Amino acid sequence: MTSSHKPESAGSRSPRVFQAAGREDFRSGRKLDKMAVESRVTQEEIKKEPEKPIDREKTCPLLLRVFTTNNGRHHRMDEFSRGNVPSSELQIYTWMDATLKELTSLVKEVYPEARKKGTHFNFAIVYPDPKRPSYRVKEIGSTISGRKGSDDAMTLQSQRFQIGDYLDIAITPPNRAPPPSGRMRPY
């Protein structure tokens with residue numbers, strides 16, 4: 001469960017998972033400024049940008065609210081409207097340098113059926129729309145249980161995750177092909 005790029009002094013610090021007891025009204029605490037400038041940075045530039053190492057012994061973890069489905073599709077954005085959230089919530093205490101592979105391992109601890117080799121995990125960030133009182137989704141990558149992949153080492157930080165955003169994970173069992181994505185993945 002530990003990330004391969006964490007400092008040696010981090011010891012046994014690893015994220016913890018808590019299953020949410022139920023739904024709660026929650027809006028992102030992110031301040032949205034009307035004067036914000038949209039970045040035109042490409043995905044390749046984001047991946048090349050060096051990340052500052054996080055000392056997990058000295059840095060307080062963040063609460064990552066994760067919503068999962070086991071039908072291979074992400075939640076509809078209307079399920080996040082008016083302060084509501086889907087009921088399939090996991091709460092994970094982790095750091096911004098958490099990799100998709102690390103998050104996959106934590107989800108597999110909670111959902112035994114997702115441990116089967118070949119299970120697909122498709123990750124997306126759900127964040128508040130700065131122009132409307134709704135949410136938007138950004139697919140960020142995928143992992144496959146029992147296999148190495150190009151997105152395994154991708155971190156939340158590298159994908160511009162902000163504290164207060166949600167993570168939506170569409171889980172596809174190995175006996176079903178993952179649904180077609182909205183974009184082609186460069187594999």
Side-chain angles (χ1 to χ4, degrees), residues 1 14-32 60-116 118-146 149 151-152 154-183 185:
M1 271 190 282
S14 62
R16 296 186 308 175
V17 180
F18 297 93
Q19 200 157 9
R23 295 157 74 114
E24 73 179 278
D25 291 332
F26 176 84
R27 291 290 291 198
S28 172
R30 184 192 308 169
K31 294 180 182 179
L32 300 172
C60 183
L62 62 97
L63 172 63
L64 178 62
R65 296 181 72 189
V66 178
F67 302 93
T68 61
T69 63
N70 60 3
N71 62 8
R73 301 206 183 281
H74 289 290
H75 287 96
R76 296 182 325 272
M77 288 304 97
D78 65 348
E79 293 182 76
F80 293 94
S81 65
R82 295 179 299 282
N84 295 321
V85 293
S87 60
S88 62
E89 180 176 359
L90 294 177
Q91 294 183 349
I92 299 174
Y93 286 93
T94 191
W95 293 265
M96 292 294 281
D97 66 347
T99 64
L100 297 188
K101 197 63 164 183
E102 185 177 5
L103 295 170
T104 298
S105 297
L106 294 168
V107 171
K108 290 191 313 187
E109 284 181 23
V110 178
Y111 296 122
E113 66 275 6
R115 296 178 190 158
K116 294 178 185 168
T119 301
H120 290 254
F121 296 82
N122 190 359
F123 292 80
I125 295 174
V126 179
Y127 61 96
D129 187 332
K131 296 181 175 127
R132 291 181 212 83
S134 62
Y135 285 85
R136 297 185 57 131
V137 65
K138 173 186 161 190
E139 289 192 27
I140 60 170
S142 62
T143 61
I144 301 173
S145 184
D151 293 340
D152 289 356
M154 186 179 294
T155 66
L156 295 173
Q157 187 174 26
S158 73
Q159 295 303 303
R160 304 287 195 239
F161 178 87
Q162 293 186 15
I163 295 174
D165 291 348
Y166 303 134
L167 194 64
D168 192 68
I169 306 175
I171 302 170
T172 306
N175 57 353
R176 292 191 302 177
S181 175
R183 62 187 169 101
R185 304 271 320 147

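Throughout, residue positions are numbered sequentially from 1 according to the sequence presented. Keep in mind the model is a prediction, meaning the values are calculated, not measured.
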Kindly give the heavy-atom pair with the smallest separation between E102 and T99, and that separation in Å. N-OG1, 3.0 Å

Using atom types as modelled and distance alone, determine if a side-chain donor or acceptor of K138 lies under 3.5 Å from a backbone N or O of Y127. no

CG (L156) and CD1 (I125) are apart, to the nearest 0.5 Å, by 6.5 Å

Would you compute the distance between atom OG of S142 and atom CG of D152 and round it to the nearest 0.5 angstrom? 8.5 Å

Please determine whether side-chain contact (heavy atoms from CB on, under 4.5 Å) holds for the pair L106 and V66, giving the CA-CA distance in whole Å, both sets of side-chain angles, and the decisive distance to 0.1 Å. CA-CA 11 Å; L106 294 168; V66 178; over 6 Å; no

Yes or no on side-chain contact (heavy atoms from CB on, under 4.5 Å) for L167 and F67, after CA distance, side-chain angles and deciding distance? CA-CA 6 Å; L167 194 64; F67 302 93; over 6 Å; no

Not counting sequence neighbours, which residues clear side chain to side chain contact (heavy atoms under 4.5 Å, CB included) with V126? List them please. M77, F80, Y135, V137, Y166, D168

Could you tell me which non-hydrogen atom of R115 sits nearest to which non-hydrogen atom of S145, and how far apart they are? O-OG, 3.5 Å

Identify the heavy atoms of T119 and E113 that sit nearest to each other, and give their distance. OG1-O, 4.4 Å

CZ (F123) and CD1 (I171) are apart, to the nearest 0.5 Å, by 8.5 Å

What are the two closest non-hydrogen atoms of F161 and M96, and how far apart are they? O-CE, 2.9 Å

At what distance, to the nearest 0.5 angstrom, does CG of L90 lie from CG of L103? 10.5 Å

Check: A170 main-chain N/O paired with R73 side-chain donor or acceptor under 3.5 Å: no

Using modelled atom types and a 3.5 Å cut-off, is there a donor and acceptor pairing between side-chain atoms of K101 and backbone atoms of I144? yes

Please round to the nearest 0.5 Å and tell me the distance separating atom CD of E89 and atom OG1 of T68. 10.0 Å

Once rounded to the nearest 0.5 Å, what's the spacing between atom OG1 of T143 and atom CG of L100? 6.5 Å

